[in-house]
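Throughout, a chain's letter reflects where its sequence line sits, starting with A, and its residues are numbered from 1.
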Amino acid sequence: DDTKSEVTLGVLFGFTGPIESLTGPMAAGAELAMAEATESGKFLDSATVTSIRADTGCIDNGLSTSNGERLIAEGINGLIGGDCSGVTGAILQNVAIPNGMVMISPSATSPGLTTVEDNDLFFRTAPSDAREGQVMAEILQERGVKSIALTYTNNDYGKGLADAIQSNFESIGGEVTIVAAHEDGKADYSAEMGALASAGGDILVVAGYLDQGGLGIINAALDTGAFDTFGLPGGMIGDSLPANVGSALNGSYGQIAGSGGEGIEKLKALSGDAFDATSPYTPESYDAAALFMLAMQAADSVDPADYGKHILDVANAPGEKIYPGDLAKAFDILREGGEIDYVGASAVELIGPGESAGTYRMIEVQDGENVTIGFK
Amino acid sequence: MSGDPYDARGNRDLSLGNAAGMGKAYPVKKGGTAHAAPPGPFLIGEAMTGGYGAGPDILHDCTIAVDRGEIAVIVGPNGAGKSTGMKAVFGMLNLRKGHVRLDGEDITALTPQARVTKGMGFVPQTSNIFTSMTVEENLEMGAFIRTDDIRPTMEQIYELFPILRDKRYQAAGELSGGQRQQVAVGRALMTKPKVLMLDEPTAGVSPIVMDELFDRIIEVARTGIPILMVEQNARQALEIADKGYVLVQGRNAYTGTGKELLADPDVRKSFLGG
Amino acid sequence: MQGTGMIVVQDLHKHFGGFRAVDGASLEIAQGSITGLIGPNGAGKTTLFNVIAGVLKPTSGRVFMAGEDITGLPPHDLFHKGLLRTFQIAHEFSSMSCRENLMMVPGDQAGETLWNTWFGRKRIADQERALRAKADEVLEFLTIEHLADHKAGQISGGQKKLLELGRTMMVDARIVFLDEVGAGVNRTLLNTIGDAILRLNKERGYTFVVIEHDMDFIGRLCDPVICMAEGKVLAQGTLPEIKANEQVIEAYLGTGLKNKDKIGA
Amino acid sequence: MDLLNAIIALLNFVIVPGMAYGAQLALGALGVTLIYGILRFSNFAHGDTMAFGAMVTVLFTWLFQNWGLSLGPLPTALLALPFGILACMGLLLLTDRMVYRFYREQKAKPVILVIVSLGVTFILNGIVRFIIGPDDQRFTDGERFIISARTFREMTGLREGLAIKTTQGITVLVAVICVILLFWFLNRTRTGKSMRAYSDNEDLALLSGINPERVVMITWLIVAGLATIAGVLYGLDKSFKPFTYFQLLLPIFASAIVGGLGNPLGAIAGGFVIAFSEVTVTYAWKKVLTYLMPENLEPSGLVQLLSTDYKLAVSFLILLIVLLFKPTGLFKGKSV
Amino acid sequence: MNPVLKNTMLFAIVGAMILYTGFTQSWNTALVIVNMGLISAIMALGVNLQWGFAGLFNVGIMGFVALGGLAAVLIGAPPTPGAWSAGGWNILSAFVFALVMVVVVVSVRRRMAAGWPRKIVVLALLIVGFFIYRALFDPGVEAIESINPAATGNIGGLGIDRGLWVTLAWPVGGLFAAAAAWVIGKTALGLRSDYLAIATLGIAEIIIAVLKNEDWLARGVKNVVGLPRPTPNEIDLQNDPAFVERAAGFGVDAVTASTLYVKLMYAGLFTVVLVVLLVLAQRALHSPWGRMMRAIRDNEVAAEAMGKDVTARHLQIFVLGSAICGIAGAMMTTLDGQLTPGTYQPLRFTFLVWVMVIVGGSGNNFGAILGGFLIWFLWVQVEPMGLWLMELITSGMPDGSALKAHLIDSAAHMRLFTMGMVLLLVLRFSPRGLIPEK
Ligand SMILES: Nc1ncnc2c1ncn2[C@@H]1O[C@H](COP(=O)(O)OP(=O)(O)OP(=O)(O)O)[C@@H](O)[C@H]1O
Ligand SMILES: Nc1ncnc2c1ncn2[C@@H]1O[C@H](COP(=O)(O)OP(=O)(O)OP(=O)(O)O)[C@@H](O)[C@H]1O
Ligand SMILES: CC(C)C[C@H](N)C(=O)O
Ligand SMILES: [Mg+2]
Ligand SMILES: [Mg+2]
């Protein structure tokens, strides 16, 4: 099946379950890149790229593995996914590695995945949370924050991120008054709020998801008047948060993986009204799909064994910088044997075992909008 | 934790799998209507054939009837189909053959609750009280279809069974066996029925209450209300009966006046204990 | 040692909330007797049974069986000590066949140990055969052999009571408590049951305690008879003695004449 | 030592949120308990029924907001609530007709109904997400606070603020009213009693002239009302998101059970037990103690019995303990 | 129709559906379904034992499954160097201390007469005990968790990772679950139906909470990945010339052959477990023991009066059923190769198993097994079905219409919708389950 005119990419996300509201835009982002490649007519032998979606439930290993196998059976050439770090590990071990399938996750950010044995098959366009912790600690320090209360969503992402923030912040002399987990999708966060408020702190750092427990925590904090400024890591950055919370969020700040607004702006322009390009991990999803196709183009093959090696090449310098919407140009360069440096929507820079280096966009909420105030 | 000995539901942990509250009867399908029928006894279940659900026939061509002012008593060995016959008359199982007529109307197709509105009252043999409701509420439920003042009737019931007055606010499930039986009969009497059907009303009640009960039954009958009754206390029952049926294996075996049956040596020996 | 009786009950109380269902009852059941227990509805007979049989915990008081204090022992222990009982409201195993209802009773079945069910199948098979024969015998005696394979939940009210009695016949008991076995049972059959009770009493030395409202039945079987009322023992003696007792007549028996004069009137 | 601030801190972070959450659970538990009490099965679809009713209300609220209708300081959703209830009634009667009635006629065991209701849950799940999507939806308007923390602080000059949200107030009020009404209805009215009679002994209910189908219908209608009210109030206070309604099921069932199944008073008691056990046991007393203790004795740690990670575990633990002492719940509930 | 024939046909139908998946999708997919089907069937068997035969309403399955998973970690994961010396012994001594404390409290309660003094002594003992326990426990935990938290930070396992020895984790998983079930049973089995249900549900949540938050044990939500498997590694097989050659002999490429080979091996192992458990269960149930259990289920009071120790029997079957769930849980974790506490959700691990039991037919082991396979098949395969349904519905609509886009977008939510539909349909046509109890 080495036909180079029909490429399929599997999109394996949790369309149902705890992050079901994130995955819609994510998948749409990935498919946008595929459509772009198809329309360019310059990808391989004017290949059409189609996606096959399948569900992970975010938390269901069994379902994820089955669906992974199903995608393999459908003859996919690359696998975009999984989304949550837990199932991503399961898919990697049980589907990708045995089948020699390359897998790029746009959103699995757990530091644990950095060291996992992956036969060079696993990449991610999102940085490990270990890095974000460092960045956030620096930002807090620069703003003169002395003490923080910290709450995280109780999964490997939240826990890893919280650990990173805590250790980095403490090592530069800050005080973490409390680290309290919160479960997503729960009915009520009064208990967490009570503990957080009691512990106190200059600001409350919420290492959660913006339309999950994170939102609930922020609402509870504002309602009770316990905190009025929040530190917002990547999972909390998105247009829906200021929209949902309202003016009370003004002045809160944070960071999200991403470089120069350029990439994301281009993606926003590209997506138009079709979906929300700033939704978390949507840029990364676009980039994951793009990376697959660029690597295939570079290897001139759709066989994972061939193109896998090229992923790092196309993602990193040297070469021409490629942004969303530039795929056609990139295909041309690659066809001619040139080099590209894919920047994409989320400033992709793959380091180490193939994960995003993590340039971060510093955000502050002003007048009910996320405003980029710098980069780190 | 000790179980409630009267808790006929028994198993404590199978509650979810227990069909209590879902009922055991297979009542007539809704939507049937009554229509005029040839004259005959006030209440008659004629040539009834049928059984439970899709199971085998229990009743075979069985006829039971009672007329105004009469007491009719059904006797027979255990499992003969006496209770089944009563239920059939009340529309609690689907008849495959036969008719039920009440007061010149064919009511075979009526649901039980429609028959209640037509003036039939019934005390079943088992699970004949609302165990979780108080005695008084049990009586109120007996009068569910009535719209007039029920207090006088309730007073009468308490007069008849004084113990119930003492226990009026107690859950009926906490009563003794005989007390429950009294509640059950009281509930049926509350309906002020046009015809009363009793399935072993005296099982487990003490002699003194039994006498009272028979008294009251006679009294009720004398006001013109027909009474159809199953009894294992057959001799006492047949003594006051105008009509007696002996059922065996779902069929009418002997029929006659109460006196006749009492006198019949065959019947005495086989069913009345000599 | 407490007393000499098979069962000795000392100042037993059972209260439900404020209500005293059994209120200081003391009695003694002689070894080898058939004792009748009568009393008005709500006198506390069944409650007394339940306390003795371990279904209910007494509020106070003690119960002895053959000199041993059995107060508060759970029913299954009492069963193994030879104390059996029937229930006033039949407690059949409704989804099991009538035969199985009987076969489950004996307590020393090898097949009730998991290990044996896996690795001792021969022994179980032998035992089962014997049990089955025994059960069929009992069913036949109760005239319900045709119901052997019927589900017990789907037999008539009276048949359930028979099955209830049948269970006590599956094992060798020392004392059997019968709670209104007769209510709802055909009188002809009740006579046969009475005969069986007498036979078990004579031949095997079972002690019986019988609650019944049918004075004929009591009269045929029981000596002595105990009458309870309002949770206390009202009187004790032979049936004629009891029948002559004014208090008993007033509380329980009544004159029995009332409806006689109304018939035909 | 500053007693007033300590009390206010406790009120603000424990009592008020606990009350509101407890009332929310109680409202949900009322529906569950009613179905259990009358129809005799644990209805897993209740969470999604709440979601459905709330969804319809949200849609109507948006419509009204578009038209410019409003209730002043009260949320417009209250205006839309009747429509949500009506739609929910329709839905429940339809599911009863299409699904549950069959099993009733079959005399199916309650556990079958439980699993069937799980099937209904899945379907409702799909329908709700299909219509309104899986995302958070905002439909709150009107005055957000009865009193906000800032206003309170300015008014009293205390360091601690006390916030009471309008929705919290409404929720508690409505929950209490619903319980009283339901209790009165079931225990005092003829229809209510006939429903209890039906649940006690269906055959005998037939013999008393009670129409079972009517009882079932009334039950579903009440449940629809309760579910929609509960769903909307929850949505107003927190947010409307289909997924959380399914998650809400667990604490709701816990409330109904710890209070005693089938008993409306139990539902409200259970709701508060669950809510307060979540909030209090993991509460960090540092703040309160700091106000109470002389300065040099101020606690350095959080003074927290258990970390909030275990809040759910703790509330279940408390539930277990209650059940061990009261095996059928606080209010002697039914066990079918 | 003759029931044996009917049942065989039902099994054949499910088999055919899986085969069809094999032919139309891939044999790998089919085998994945088979393997999880086997595990599900075992879980269903355990639940059926408790519910179908003893009437115990256990909805804490998830907890036992998770404990089984924990066993897989503690047996299979590599030991963390230095963890034991850093804090392991502390923790262990804390546990021993706690155990001693419980014994002391119990014996004090026995010895002293009831009343205020006893209450005070007991309470004092408990409080003091708790603080000593924490004093022993906390430093140990801290020490262990600080050993390279991103990669380990846990106590580690025994590191048993050679071939079939890995399966040792399965019986150990059963033991873990059994031990937990014993404790739970001792306290909660007196409860009735739904009250027992919520109690077990709660305990399961507590178990999960512990697994999620006690990082020293199995890394909590940070997951343990790369657990050993009893099968050879696919990559090794692919690099093994002999294997490649043999695969070529069958006309399959090495990758497919290796993945199939591994899955078949799993399937074989699982089948052995299932068959053994099934035989044991069948024998037990068609014996006086089974009869006794049914009697207890039907009417506890009467069974008790007939000399059956209801409490003990309940405890026995609760422990057995839970152990089976534990075994299945360990098997599943070995199959996944990782423990992910966050994935333990009641819907997936408790209620889905219940659906299997009820749809299959409670009270019948074969029913439970059939239900396990069927429901798992549907759980996985309704997604494409839902999509297909949506495509069918929208096929008539013009491309680019908003409704069509909306419908296709919603296809993922149609998974549960379709599942619900199928569930209702099955139960509609056989309300007592596909293979009902006789
Ligand atoms: N669980 C209970 N709660 C409250 N009262 C109870 C309970 N069980 C029994 N009683 C009361 O205790 C009294 C004695 O009941 P018991 O069943 O022992 O009577 P009995 O002598 O067996 O009567 P019968 O001849 O009618 O069977 C009755 O008045 C009854 O109402
Ligand atoms: N719910 C049921 N389902 C199926 N069969 C039943 C059911 N109830 C009773 N039967 C069968 O119907 C037959 C007649 O039962 P019925 O209850 O009418 O007897 P009965 O004459 O009232 O006996 P008794 O004097 O013992 O009350 C019995 O043989 C029994 O096996
Ligand atoms: C999709 C994301 C919310 C997933 C998250 N970053 C994780 O690693 O679990
Ligand atoms: Mg009868
Ligand atoms: Mg009695």
Where on [X] is there a heavy atom nearer than 4.5 Å to chain A: the side chain, the backbone, both, or neither?
X	result
E/D215	side chain
E/L335	backbone
E/W376	side chain
E/N233	neither

Are the side chains of [Y] and [X] in contact, using a 4.5 Å heavy-atom criterion?
X	Y	value
A/E183	E/K212	yes
A/Y157	E/V221	no
E/V255	A/N99	yes

At a heavy-atom separation under 4.5 Å, does [X] approach chain E through its side chain, its backbone, both, or neither?
X	answer
A/N154	both
A/A27	neither
A/L92	neither
A/S110	neither

Q) Given the rule in the salt bridge (charged side-chain N to carboxylate O under 4.0 Å, His left out) test, do E/K222 and A/D156 qualify, once you have shown the distances and angles that lead to the verdict? A) CA-CA 4 Å; E/K222 292 185 293 184; A/D156 47 352; over 6 Å; no

**Q.** Any donor-acceptor N or O pair under 3.5 Å, side chains A/N61, E/T340
**A.**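 Looking only at side-chain atoms, E/T340 and A/N61 do form a donor-acceptor pair, the distance falling under 3.5 Å.
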
Q.
Can you tell me if A/E170 has over 12 outside heavy atoms packed within less than 6.0 Å of its CD?
A.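 Count over threshold, so yes.
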
Q: Check whether more than 12 heavy atoms from other residues, nucleotides or ligands sit under 6.0 Å from atom CZ of E/F243, and answer yes or no.
A: yes

**Q.** Minimum heavy-atom distance E/D336-A/Q93, with the two atoms named
**A.** O-OE1, 4.1 Å

Q: Determine the minimum heavy-atom distance between E/N223 and A/G86, stating which atoms define it.
A: ND2-CA, 3.6 Å

Please report the interatomic distance [atom1]([X]) to [atom2]([Y]), rounded to the nearest 0.5 Å.
X	Y	atom1	atom2	result
E/T259	A/I97	OG1	CD1	13.5 Å
E/N28	A/E69	CG	CD	4.5 Å
E/I33	A/T65	CD1	OG1	12.0 Å
E/T343	A/N155	OG1	CG	11.5 Å

Q) Among E/E234, E/Q338, E/R229, which one satisfies side-chain contact (heavy atoms from CB on, under 4.5 Å) with A/N94? A) E/R229

Q. Between E/K263, E/Q381, E/R219, which residue shows the highest count of heavy-atom pairs closer than 4.5 Å to chain A?
A. E/K263

Q. Among A/T115, A/D55, A/T23, which has the most heavy-atom pairs under 4.5 Å with chain E?
A.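 When all of A/T115, A/D55, A/T23 are compared, A/D55 has the most.
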
